[in-house]
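Order of appearance sets the numbers: ligands from 1, and atoms from 1 within every ligand.
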Amino acid sequence: MENQIVLEFKHVNKTYQSGVKGLEDINFKINRGEFVAVVGLSGAGKSTMLNSINKMIDITDGEVLVDGVDISKLKGKALRQMRRKIGMIFQNFNLVERTTVQKNVLAGRSGYYPTWKTMLGLYSKADKQKAVEELDKVNMVKKLYRRADELSGGQKQRVAIARTLMQDPTLVLADEPVASLDPKTSKGVMDDLYHLKKYENITVLVNIHSVELALQYADRIIGLRDGKLVYNKPIAEANEADLKQIYENGVEQ
Ligand SMILES: Nc1ncnc2c1ncn2[C@@H]1O[C@H](COP(=O)(O)OP(=O)(O)OP(=O)(O)O)[C@@H](O)[C@H]1O
């Protein structure tokens, strides 16, 4: 079967107002169902790259194609519809702490409802059932009615993954998803992210500091340094010495 390209960067540049070049002539393609780790020193441009994929930041020039459509040019309804396809996972989980797991997960469906309905919590029975199903995939159904602030960090990240699955995404972007977790919990969360690829054929792009986890989970590794793409290889061709190089000759900020 021919590979289907889900994400493509074409000559993407991002220059911040300060004059700092966050991204410089970035080009790459990612296929459906690939699990990609983005590695690089602090300040290399990993977050800038991730945030330009769902247009959280505007690029300066170039094209960011999601399923063949240049998201950097979209606005209004077309942008909202495109964002449904793109799930986000954050280092700090971004849950509403004082509300239930169920409501947090249902919020992942909000792109499919008018705002007033989501404000009133008027989700369909089918979506409430879907919330249970998605929580089951990350082994969190038993916490359905618990408040988010009663959960551990690893449990919160699992709820965030279930919330993302409510969108039926084709692409999930995770920005340092395990940075605030201990090694054992990190592995559990990485396993859950890996299952998105394995069982749902979702493309997963993870910004990660740990080279060890990158090598363990990724199909492909992309390396950034000073806003430039300096590495892009399938895991079969990647090795630790290569990756060490990405981290050399740079200064931790
Ligand atoms: N809003 C901003 N305004 C100006 N410069 C910015 C802004 N955001 C990021 N930068 C700069 O752009 C460059 C890339 O930053 P970015 O946050 O993308 O790196 P990163 O690889 O994600 O780093 P980290 O691993 O620390 O999160 C850095 O030099 C940073 O200082």
Residue V20 vicinity, atoms of ligand 1 by number, heavy atom under 4.0 Å: 11 (C), 12 (O), 29 (O)
- prompt: Under a 4.0 Å N-O cut-off, is there an ion pair linking K130 with E134?
  reply: yes
message: Checking the N or O distance criterion of under 3.5 Å, is ligand 1 in contact with A44?
response: yes
- prompt: How many angstroms lie between atom NZ of K143 and atom CD of Q102, to the nearest 0.5 angstrom?
  reply: 15.5 Å
query: Does G22 reach ligand 1 with a nitrogen or oxygen that is under 3.5 Å from one of the ligand's nitrogen or oxygen atoms?
result: no
query: Which of the atoms in ligand 1, numbered in the order shown and given with their element, are less than 4.0 Å from a heavy-atom of S47?
result: 17 (O), 18 (O), 20 (P), 22 (O), 27 (O)
- request: State whether the shortest distance between N or O atoms of E176 and N or O atoms of ligand 1 falls below 3.5 angstrom.
  value: no
field: ligand 1 contact on L41 by region, counting heavy-atom pairs under 4.0 Å
entry: backbone
query: Looking at ligand 1, does any of its N/O atoms fall within less than 3.5 Å of an N/O of M49?
result: no
query: With clusters built from Ile, Leu, Val, Met, Phe, Trp and Tyr whose side-chain heavy atoms come within less than 4.5 Å, directly or transitively, what are the remaining members of the cluster of L122, listed by chain and number?
result: W116, L120
message: Is there a salt bridge (Lys or Arg N to Asp or Glu O under 4.0 Å) between D219 and K197? Walk through the geometry before answering.
response: CA-CA 10 Å; D219 299 315; K197 163 221 153 71; 2.7 Å; yes
query: Is the closest heavy-atom distance from H209 to ligand 1 below 4.0 Å?
result: yes
- prompt: How far does CZ of R163 sit from CD of Q157, to the nearest 0.5 angstrom?
  reply: 8.5 Å
query: Are G40 and ligand 1 in contact, using a heavy-atom cut-off of under 4.0 Å?
result: no
field: Options I57, T48, D175, ranked by nearest heavy atom to atom 15 (O) of ligand 1, top entry
entry: T48
query: Which is it for S18 and ligand 1 at heavy atoms under 4.0 Å: side chain, backbone, both or neither?
result: side chain
task: Mark yes or no: R220 above the aromatic ring of F35, with NZ or CZ under 6.0 Å from the six-membered ring centre and no more than 45 degrees from the axis.
output: no
query: Would K46 and H209 count as a side chain to side chain contact (heavy atoms under 4.5 Å, CB included) if you check the C-alpha gap in whole Å, the side-chain angles of each, and the deciding distance to 0.1 Å?
result: CA-CA 10 Å; K46 302 182 298 297; H209 269 106; 4.3 Å; yes
query: Between L205 and I53, is any pair of side-chain heavy atoms under 4.5 Å apart?
result: yes
